[in-house]
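Not measured: the values here are computed from a predicted model. Only this structure's heavy atoms are used, side chains among them; waters, hydrogens and symmetry mates stay out.
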Amino acid sequence: MKKVLHLDENHEVLWNGLTALGYHNEADYSSSHESLLEKIADYEGLVIRSRIPVDRILLESAKQLQFIGRVGAGLENIDVEAAKKQGITVVSAPEGNRNAVAEHAIGMLLSLLNHLRRADQEVRKGIWKRAENRGIELSNLTVGIIGYGHMGKQFAKRLSGFDCEVLCYDILDGIDNEHARQVPLDVFKREVDVVSLHTPQTPKTIHLVNRSFIAEMHKPFWLINTARGSAVDTAALLEGLKSGKIKGAGLDVLEHENKAFTALFNQDNVAQELEELLNRNDVLLSPHIAGWTHDSNYLLAKTVLDKIMRL
């Protein structure tokens, strides 16, 4: 009987579905990368989220591996090229949590525009400031989306109900639709009031939002990041917030997350800038949960199962 190793816990629909397909499932939610080198050769399938990097070294030991199911959208923790060379099929599930990410991004944007974090804290302290907490209507803004794939398109679709102009920028041409107009980067930087990131992690997207990017934006802007923390240079973000060039930031992801996205680093060289970020009232934070609702927990697992069934 073919065996599948699960390195992270997921919705039971995936486990049960693989059983129905004739696979024997085994769970290992604690072993280290080094420990897995000794056992990975016994499995035909591997199911992961983010806990363990599936690098070339691990893949070289996976002599029987036929597929890797990544229960999530990004593939940066998998050496996809090495997997292809070994004939291993890699599947992921960006379709499974695109609704969740889009709704989370909308929630963060509306909260920033209407000062909900600050207003809530003030009212709880008995402070009643109405004029100071007046918001800005989304319908009068131009929203810019960087990365117009599954996540970006779904965010744009959600924005269509707000009657705002939506522009998108992507390294691929001809991917716009009825919900967003694709423009060159210089036009994007000239026109938008809101920047929302929906990019995968690649060498080109690391520190995509840096000092140069912020300086080249023609208007002060709000920033939403539900993609990867590495896309934003935290030091540059802080400078932009302090200068007023960035009006506010909604961050579901942080540059200082660990590689498994389960915690923040605790290193002296990042402590000061991270502490500054955490203490700002113009920053809204969540713990990398935009794509991880109760609904998407099921959909992610079901999407991976469906793709494995088609192999």
Side-chain angles (χ1 to χ4, degrees), residues 4-21 23 25-30 43-54 65-80 83 88-108 147-158 196-202 205 224-231 251-254 257-263 286-311:
V4 178
L5 180 63
H6 298 249
L7 298 183
D8 300 276
E9 190 172 0
N10 293 293
H11 193 281
E12 62 185 10
V13 68
L14 179 53
W15 185 288
N16 294 339
L18 289 171
T19 298
L21 289 174
Y23 289 99
N25 293 285
E26 293 184 12
D28 185 344
Y29 305 149
S30 60
Y43 299 93
E44 284 77 18
L46 182 65
V47 174
I48 67 166
R49 285 208 312 264
S50 303
R51 187 176 66 85
I52 296 290
V54 183
L65 201 62
Q66 297 173 1
F67 70 83
I68 300 169
R70 160 78 165 101
V71 186
L75 294 173
E76 67 268 22
N77 62 325
I78 303 172
D79 190 331
V80 177
I88 301 168
T89 300
V90 179
V91 299
S92 61
E95 310 94 325
N97 62 357
R98 58 189 175 186
N99 291 343
V101 170
E103 292 186 10
H104 197 95
I106 289 287
M108 283 191 142
Y148 206 59
H150 286 284
M151 309 301 174
K153 283 184 168 67
Q154 202 65 23
F155 180 54
K157 183 179 179 180
R158 294 293 188 275
S196 188
L197 303 179
H198 298 275
T199 52
Q201 180 171 304
T202 70
T205 63
I224 305 293
N225 187 9
T226 54
R228 287 290 183 261
S230 61
L251 308 173
D252 180 56
V253 289
L254 290 165
E257 286 178 78
N258 63 21
K259 291 183 179 179
F261 312 137
T262 56
S286 55
H288 204 136
I289 56 168
W292 205 30
T293 61
H294 290 288
D295 310 81
S296 68
N297 186 39
Y298 168 81
L299 287 172
L300 286 166
K302 183 64 165 59
T303 300
V304 169
L305 174 63
D306 290 344
K307 290 182 178 182
I308 292 171
M309 291 175 65
R310 293 196 292 267
L311 294 179

Please report the interatomic distance [atom1]([X]) to [atom2]([Y]), rounded to the nearest 0.5 Å.
| X | Y | atom1 | atom2 | result |
| --- | --- | --- | --- | --- |
| N99 | H104 | CG | NE2 | 14.5 Å |
| L311 | L21 | CG | CG | 10.0 Å |
| Q201 | E76 | CD | CD | 4.5 Å |
| H150 | Q154 | NE2 | CD | 10.0 Å |
| N25 | L5 | CG | CG | 9.5 Å |
| S50 | E257 | OG | CD | 9.5 Å |

F155/I106 under side-chain contact (heavy atoms from CB on, under 4.5 Å): CA gap, chis, key distance, verdict: CA-CA 7 Å; F155 180 54; I106 289 287; 3.6 Å; yes
To check you understand the geometry: which heavy-atom pair defines the closest contact between [X] and [Y], and what is its length?
| X | Y | answer |
| --- | --- | --- |
| A227 | V253 | O-CG1, 3.7 Å |
| R158 | A102 | CG-CB, 3.9 Å |
| H198 | G147 | CB-O, 3.5 Å |
| L18 | I308 | CD2-CG2, 4.0 Å |
| G291 | A100 | CA-CB, 4.0 Å |
| S92 | V304 | C-CG2, 4.5 Å |

Can you check whether [Y]'s main-chain N or O pairs, donor with acceptor, with [X]'s side chain at less than 3.5 Å?
| X | Y | answer |
| --- | --- | --- |
| R51 | L7 | yes |
| D28 | S30 | yes |
| D8 | I48 | no |

Can you name the residues that form a side chain to side chain contact (heavy atoms under 4.5 Å, CB included) with [X], not counting sequence neighbours?
| X | answer |
| --- | --- |
| T202 | P200, K204, T205 |
| A301 | H11, V13, L14 |
| L299 | none |

Please name all residues satisfying salt bridge (Lys or Arg N to Asp or Glu O under 4.0 Å) with [X], sequence neighbours left out, ordered by chain then number.
| X | value |
| --- | --- |
| K302 | D306 |
| E26 | K3 |
| R49 | none |
| D295 | none |

Looking only at side chains, do S286 and D252 share a donor and an acceptor under 3.5 Å apart?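 Their side chains do contain a donor-acceptor pair, which is all the 3.5 Å distance test asks for.
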Return the set of residues passing side-chain hydrogen bond (donor to acceptor under 3.5 Å, both in side chains) with [X] (not counting sequence neighbours), or none when no residue passes.
| X | answer |
| --- | --- |
| E95 | K307 |
| N97 | none |
| T293 | S296 |
| E103 | none |

For M108, run the side-chain contact (heavy atoms from CB on, under 4.5 Å) check against N225, I224, L251 and tell me which one passes.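 Single pass found, and it is I224.
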H6 and its ring pair (Phe, Tyr, Trp, His ring centres under 6.0 Å) partner, picked from Y29, Y23, W15: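 Going through the options one by one, the only one that passes is W15.
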Quick check: do V54 and I68 have side-chain heavy atoms less than 4.5 Å from each other?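 The answer is yes; the side chains approach within 4.5 Å.
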Test L65 against L46 for side-chain contact (heavy atoms from CB on, under 4.5 Å), laying out the working first. CA-CA 7 Å; L65 201 62; L46 182 65; 3.9 Å; yes
Those residues that, when tested against W292, pass ring-ring contact (aromatic ring centres under 6.0 Å, His included) (two or more places apart):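 Residues passing ring-ring contact (aromatic ring centres under 6.0 Å, His included) with W292: none at all.
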